[in-house]
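Worksheet: the structure to be examined is printed underneath.
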Amino acid sequence: MRVSRLAIAALLSAASLAFAAAPAQAGDAAKGEKLMKKCGACHTWDQGGKKKVGPNLFGVYEQNCGHNAEFKYSDGYHKACEKGFKIDEAMLMEYLADASAYLSGVAGEKVKSKMTFKLKKEADRADVIEFLKGNK
């Protein structure tokens with residue numbers, strides 16, 4: 001059986017698209033919980049926990065932006081929130097890497113976040129996200 005170059009190219013293209021669309025490797029919630037200690041200077045994540053420099057993160061996963069009415073978000077956060085976003089895996093993967101860059105992208109203009117901490121490693125972000133998913 002003879003396979004044409006066009007057919008091979010089509011198969012390789014389809015395979016590369018399948019791999020590109022595959023989600024990132026799932027994080028480890030236990031590792032995420034340990035990493036959250038870095039966040040403890042500015043956040044709490046226990047049910048009913050107090051706000052600090054940042055909002056309490058209990059149950060934050062899958063909430064709409066600005067959901068915590070008791071917390072005073074930055075002007076940049078408010079501008080991005082006007083465009084609307086949900087706190088989900090894709091959002092957190094970008095936000096935890098660079099909150100101001102994420103908010104600027106959503107807002108369509110350069111804005112700042114109160115959160116200056118950046119979680120550089122994708123695996124660490126995946127672990128924190130996995131922890132936040134189960135923290136409800």
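Just so you know, these numbers come straight off a predicted model, no measurement behind them.
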key: side chain to side chain contact (heavy atoms under 4.5 Å, CB included) between Met91 and Lys86, worked out   = CA-CA 7 Å; Met91 176 272 182; Lys86 189 171 190 161; over 6 Å; no
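- Residues in residues 79-136 take part in these disulfide bond (SG atoms under 2.5 Å apart) pairs, two or more places apart or across chains: Cys65-Cys81.
- Within the 4.5 Å cutoff, the side chain of Leu57 has heavy atoms near those of the Met36 side chain.
- No option in Val128, Leu132, Val60, Leu119 other than Leu132 meets the side chain to side chain contact (heavy atoms under 4.5 Å, CB included) test with Leu92.
- Using a 4.0 Å cut-off between a side-chain N of Lys or Arg and a carboxylate O of Asp or Glu, Lys133 and Glu62 do not qualify as a salt bridge.
- The cluster map of Ile, Leu, Val, Met, Phe, Trp and Tyr, joined by side-chain heavy atoms under 4.5 Å apart, puts Phe71 and Phe58 in different clusters.
- Judged by distance alone, the side chain of Ser100 and the main-chain N or O of Thr116 form no donor-acceptor pair under 3.5 Å.
- A 4.5 Å side-chain heavy-atom check between Phe131 and Lys34 finds every atom pair outside the cut-off.
- Closest approach of Lys83 and Ala107 over heavy atoms only: CE-O, 3.4 Å.
- His78 is not listed as a side-chain neighbour of Val111, based on a closest heavy-atom distance of 4.5 Å or more.
- Taken from CG in Leu103 to CE in Met115, the straight-line distance is 9.0 Å, to the nearest 0.5 Å.
- More than 12 non-hydrogen atoms from other residues, nucleotides or ligands lie less than 6.0 angstrom from NZ of Lys114.
- Residues Met93 and Ile129 meet the side-chain proximity criterion, which asks for heavy atoms closer than 4.5 Å.
- For Tyr77 and Phe85, the ring centers are positioned less than 6.0 Å apart.
- The two residues Tyr73 and Pro55 make their nearest non-hydrogen contact at CE2-CG, 4.3 Å.
- Heavy-atom neighbours of Asp75 CG from other residues, nucleotides or ligands within 6.0 Å: at or below the threshold of 12.
- With rounding to the nearest 0.5 angstrom, the CD atom of Glu130 is 13.0 Å from the CG atom of Leu35.
- Contact between Thr44 and Lys50 at its shortest, heavy atoms only, is OG1-O, 2.6 Å.
- Not one N or O on the side chain of Asp46 forms a donor-acceptor pair closer than 3.5 Å with the backbone of Gly49.
- Within the 3.5 Å criterion, the main-chain N or O of Tyr61 finds no donor-acceptor partner in the side chain of Lys136.
- Taking each heavy atom of Arg125 and Lys120 in turn, the nearest pair found is NH1-O, 2.8 Å.
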request  = Check the pair Ile87, His67 against side chain to side chain contact (heavy atoms under 4.5 Å, CB included), reporting the backbone distance first and the verdict last.
outcome  = CA-CA 10 Å; Ile87 302 168; His67 71 283; 4.1 Å; yes
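- The shortest distance between side-chain heavy atoms of Tyr102 and Leu96 does not fall below 4.5 Å.
- Atoms NZ and CG, on Lys51 and Asn68 in that order, are 8.0 Å from each other to the nearest 0.5 Å.
- Counting non-hydrogen atoms of neighbouring residues, nucleotides and ligands closer than 6.0 angstrom, the NZ atom of Lys52 exceeds 12 such neighbours.
- Considering CD of Glu122 and CG of Asp127, their distance stands at 11.0 Å, rounded to 0.5 Å.
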